[in-house]
Amino acid sequence: MPAVAQLDMIQSLLQQNAGWNGVLTGGDALKFSGQVRPGDSLAIHIVRRPDGDITFSIKNENTLVSKGTLRLAGEAID
């Protein structure tokens with residue numbers, strides 16, 4: 001799964017599960033170091049920071065495949 005698809009997945013999860021209606025405006029320390037293939041079982045961890053940005057990590061089994069910090073624009077996350 002390309003990096004852009006992983007970011008889209010994070011955006012979709014925020015919209016569906018946190019009631020956020022906005023767009024990703026940037027990121028810091030983004031690292032995409034592993035592969036995600038169809039059928040893989042992923043563990044996705046998202047944390048909202050006090051400044052409103054979020055940090056995320058995606059693991060495939062016990063292997064970290066991506067992580068970083070994302071800036072968001074739009075309605076606030078609950």
Q) To the nearest 0.5 Å, what is the distance between CD1 (I44) and CD1 (I58)? A) 5.0 Å

Q) What residue pairs, at least two apart or across chains, pass side-chain hydrogen bond (donor to acceptor under 3.5 Å, both in side chains) with a residue in residues 2-16? A) Q6-S66

Show me the donor-acceptor pairs, under 3.5 Å and distance only, between side chains in residues 27-39 and residues at least two apart or in other chains.
from: D28; atom 1: OD1; to: R71; atom 2: NH1; distance (Å): 3.3
from: D28; atom 1: OD2; to: R71; atom 2: NH1; distance (Å): 2.9
from: S33; atom 1: OG; to: L64; atom 2: O; distance (Å): 3.4
from: Q35; atom 1: OE1; to: R37; atom 2: NH2; distance (Å): 2.3

Q.
Applying side chain to side chain contact (heavy atoms under 4.5 Å, CB included), can you list everything that pairs with V47, at least two apart in sequence or on another chain?
A. H45, T55

Q.
Holding to side chain to side chain contact (heavy atoms under 4.5 Å, CB included), I want the full list of residues that pass it with N17, two or more places apart in sequence or in another chain.
A. L13

Q | Results of side chain to side chain contact (heavy atoms under 4.5 Å, CB included) for D51 - residues two or more places apart only | A | R49, D53

(Q) Is there a side-chain contact (heavy atoms from CB on, under 4.5 Å) between V23 and T25? Walk through the geometry before answering. (A) CA-CA 6 Å; V23 295; T25 61; 4.2 Å; yes

Q. In Å, rounded to the nearest 0.5 Å, how long is the span from CE of M9 to CG of L14?
A. 11.0 Å

**Q.** Contact check, side chains of L7 and F56, non-hydrogen atoms, under 4.5 Å
**A.** yes

**Q.** Side-chain heavy atoms of I54 within contact of I10, under 4.5 Å
**A.** yes

